[in-house]
Amino acid sequence: MATGQGSLEFAWKGVGELVHTYPWMKNCPVPWDPYKQGVLRGDQHNTYDCNFFGMNMMTSSLYLGALKACAEITEYLNEPETAREYQSLYENGRALCDSLLWNGEYYIQRVEVIDGVTVPEKYRNPQDAPGGAGIKYQYGDGCLSDQLLGQYLAYITGLGMLTDSLNVRTALNSIYTYNFQETFTHFENVQRVYALNKESGLTICSWPKGNRPDIPFPYADEVWSGIEYQVAASLIYAGEVEKGLQLVDAVRGRYRGYNRDPFAEIESGRYYARSLSAWALLTALSGYQYDAVQSRLTFHPRLAARPFHCFWSCAGGWGSMMLGSRNAVLSLQHGILDLRELQLPFSSIDAVALNGQPVEFHKTETGIQFASLSLSAGDSLRMTGMFE
């Protein structure tokens, strides 16, 4: 079994005999997906420094993305049986998430303790608290800003929709509606304060339908710029560009220099890595994707202003893209790029030239294809026509 497959299948196979070799694995005696359903139901440690018990879309969306990605990878590696297994598990998990976690506006958590899982003492509530099934540090019926974390990664990597597209867009709009605060003047937060007074920001979770747990997961009322960028990028990918940019403006408004360091967004210290999710705004706004298997570059800017300029990079090299109304220029600044297809929004393409020399091409509904084209550092590919 390949290492990648072993990592994925750990979700339903668990540690097995390795528990005797690696004592730390005693912390996970029951697999995350013990019934092999395509959803995570076991004891799930997460980025909020706590464990979630039961089905939730944050961890399950990551799982769905991994299943879908591995199905595509194993198909490419000519392992059709494995690919079918992963795809089937993905389809089953997707259906369960939409049927069991969707409340009509967003995805919730179904708090449960499955057979074999022991809830540590520190997670036990002395009484059956609202929304927590007697377990501390859960979110239950809450609207979690991270609920579509796996979809965010699927957008970036070109995996497409992991679950119902209408549900995804509705959930993202619900996150914006319920978690975005125009002002924190009257907002109650007894945890770390990263937004205050008349500043704006996106809280990590809210309970718009009530049933807030007595002791929700840590940091629920905080504002993390790394999550704000993630949600902003997802909104832009989903077509909600104005809302996404409003979240970005809120973050940068809190770091304008006179109030906080514009180069050190704070979360558990300065220069915290989660804020690097801001790079997703580049791919979201430019609509950039690269498919190494198909040697295909895609650009679909989500801003109407022309000309549109952006940076791009892939395994072989990096460069820039300029898209105007009458021409487009793909430039390679470093490395080598083998290109068989370039997808752009256009009405017509009249000519293509590499460093001024005409290039043969075949026009498709979404772009142009080349029989064989290789760019080296310093090369520019210019297209003329009508671009949208």
Side-chain angles (χ1 to χ4, degrees), residues 57-58 60-62 64-65 94 97-98 101-108 142-184 195 199-209 223-255 265 274-289 298-306 308 310 323 343-345 366 388:
M57 198 56 171
M58 184 183 86
S60 285
S61 66
L62 292 169
L64 291 177
R94 168 183 171 144
C97 287
D98 280 332
L101 300 181
W102 182 247
N103 73 352
E105 289 189 274
Y106 52 86
Y107 292 96
I108 62 171
C143 179
L144 184 70
S145 289
D146 259 340
Q147 64 186 268
L148 292 171
L149 182 57
Q151 181 59 61
Y152 156 74
L153 296 173
Y155 277 136
I156 295 171
T157 55
L159 273 176
M161 303 305 299
L162 297 181
T163 184
D164 183 90
S165 58
L166 179 58
N167 287 1
V168 167
R169 185 162 185 166
T170 301
L172 287 169
N173 277 290
S174 295
I175 293 169
Y176 173 86
T177 299
Y178 295 130
N179 296 0
F180 181 66
Q181 306 292 326
E182 293 277 3
T183 173
F184 284 84
E199 295 174 334
S200 301
L202 188 78
T203 57
I204 295 176
C205 194
S206 67
W207 285 265
K209 298 181 182 300
V223 175
W224 294 357
S225 61
I227 293 179
E228 291 174 291
Y229 289 135
Q230 177 259 115
V231 174
S234 296
L235 281 165
I236 293 168
Y237 274 116
E240 301 287 354
V241 178
E242 285 190 24
K243 293 177 181 177
L245 292 179
Q246 186 176 7
L247 295 187
V248 178
D249 285 343
V251 179
R252 299 314 306 155
R254 302 198 305 270
Y255 292 89
E265 294 174 8
R274 200 187 311 268
S275 291
L276 291 173
S277 59
W279 281 99
L281 298 168
L282 174 64
T283 57
L285 288 170
S286 65
Y288 167 72
Q289 286 184 349
T298 300
F299 295 92
H300 277 284
R302 291 175 171 84
L303 295 176
R306 295 292 182 268
F308 179 89
C310 72
L323 183 67
Q343 293 190 345
L344 298 167
T366 56
E388 300 170 0

Asker: Output yes when a side-chain donor or acceptor of Ser61 lies under 3.5 Å from a complementary backbone atom of Leu148, and no otherwise.
Answerer: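 No: the side chain of Ser61 does not pair with the backbone of Leu148.
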Asker: A side-chain contact here means heavy atoms from C-beta on lying under 4.5 Å apart; do Leu144 and Ile204 qualify?
Answerer: yes
Asker: Which residues pass the side-chain hydrogen bond (donor to acceptor under 3.5 Å, both in side chains) test with Thr298, not counting sequence neighbours?
Answerer: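 Applying side-chain hydrogen bond (donor to acceptor under 3.5 Å, both in side chains) to Thr298 gives Gln343.
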Asker: According to salt bridge (Lys or Arg N to Asp or Glu O under 4.0 Å), who are the partners of Arg94, at least two apart in sequence or on a separate chain?
Answerer: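 Applying salt bridge (Lys or Arg N to Asp or Glu O under 4.0 Å) to Arg94 gives none.
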Asker: The criterion is salt bridge (Lys or Arg N to Asp or Glu O under 4.0 Å); which residues satisfy it with Arg252, sequence neighbours excluded?
Answerer: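 Residues passing salt bridge (Lys or Arg N to Asp or Glu O under 4.0 Å) with Arg252: Glu265.
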Asker: How far apart are the closest heavy atoms of Tyr155 and Ala238, and which atoms are they?
Answerer: OH-CB, 3.8 Å
Asker: Is the shortest side-chain heavy-atom distance between Tyr237 and Leu172 below 4.5 Å?
Answerer: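 Contact flag for Tyr237/Leu172 side chains = no.
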Asker: Who pairs with Ala154 by side chain to side chain contact (heavy atoms under 4.5 Å, CB included), at least two apart in sequence or on another chain?
Answerer: Gln151, Leu159, Leu162
Asker: Under the side-chain hydrogen bond (donor to acceptor under 3.5 Å, both in side chains) test, which residues partner Tyr288, sequence neighbours left out?
Answerer: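 Listed in chain order: nothing, the list is empty.
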Asker: In chain order, what residues pass the side chain to side chain contact (heavy atoms under 4.5 Å, CB included) check against Leu303, with sequence neighbours excluded?
Answerer: Val241, Leu245, Leu285, Phe308
Asker: Is Tyr178 close to Glu105 at the side-chain level, that is, under 4.5 Å between some pair of heavy atoms?
Answerer: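 With C-beta onward as the side chain, the pair touches.
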Asker: Taking all heavy atoms of Ser145 and all of Leu202, pick out the closest pair and write down the distance.
Answerer: OG-CD2, 3.6 Å
Asker: Give a yes or no answer on whether the side chain of Asn179 reaches the backbone of Cys143 with a donor-acceptor pair at less than 3.5 Å.
Answerer: yes
Asker: Going by heavy atoms in the side chains, are Met57 and Trp102 under 4.5 Å from each other?
Answerer: no
Asker: Do Ile175 and Phe180 come within less than 4.5 Å of each other through their side chains, counting heavy atoms only?
Answerer: no
Asker: Looking only at non-hydrogen atoms, find the nearest pair between Arg302 and Thr283 and report the distance.
Answerer: NH1-O, 4.2 Å
Asker: List the residues meeting side-chain hydrogen bond (donor to acceptor under 3.5 Å, both in side chains) with Thr203, not counting sequence neighbours, and say none if there are none.
Answerer: none
Asker: Which residues pass the ring-ring contact (aromatic ring centres under 6.0 Å, His included) test with Tyr106, sequence neighbours left out?
Answerer: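 Result, ring-ring contact (aromatic ring centres under 6.0 Å, His included) vs Tyr106: none returned.
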Asker: Please identify each residue that fulfils side-chain hydrogen bond (donor to acceptor under 3.5 Å, both in side chains) with Gln181, with sequence neighbours left out.
Answerer: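 With neighbours one apart ignored, the set is empty.
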Asker: Please enumerate all residues that pass side chain to side chain contact (heavy atoms under 4.5 Å, CB included) together with Ala233, with sequence neighbours excluded.
Answerer: Tyr152, Ala280, Leu281, Ala284
Asker: Does some side-chain heavy atom of Leu323 sit less than 4.5 Å from a side-chain heavy atom of Ser286?
Answerer: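 Sidechains of Leu323 and Ser286: no contact.
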Asker: Give me each pair satisfying salt bridge (Lys or Arg N to Asp or Glu O under 4.0 Å) with a member in residues 172-182, each pair once, sequence neighbours excluded.
Answerer: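 Non-adjacent pairs meeting salt bridge (Lys or Arg N to Asp or Glu O under 4.0 Å): zero.
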Asker: Quick check: do Glu199 and Val223 have side-chain heavy atoms less than 4.5 Å from each other?
Answerer: no
Asker: Locate the shortest heavy-atom distance separating Gly104 from Thr170; write the atom from each residue and the value.
Answerer: O-CG2, 4.0 Å
Asker: Does anything in residues 164-176 pair up under salt bridge (Lys or Arg N to Asp or Glu O under 4.0 Å), and if so which pairs, sequence neighbours excluded?
Answerer: Arg169-Glu240
Asker: Can you check whether Ser200's main-chain N or O pairs, donor with acceptor, with Arg254's side chain at less than 3.5 Å?
Answerer: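 Pair found, side chain donor or acceptor close to backbone of Ser200.
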Asker: Considering non-hydrogen atoms only, spot the tightest contact between Pro345 and Phe299 and give its length.
Answerer: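 Result for this residue pair: CD-O, 3.1 Å.
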Asker: Taking all non-hydrogen atoms of both residues, which atom of Ile236 and which atom of Gly244 are closest, and how far apart?
Answerer: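 Of all heavy-atom pairs spanning Ile236 and Gly244, the closest is CG1-CA, 4.1 Å.
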Asker: Answer whether the closest heavy-atom distance between the side chains of Asp146 and Trp224 falls below 4.5 Å.
Answerer: no
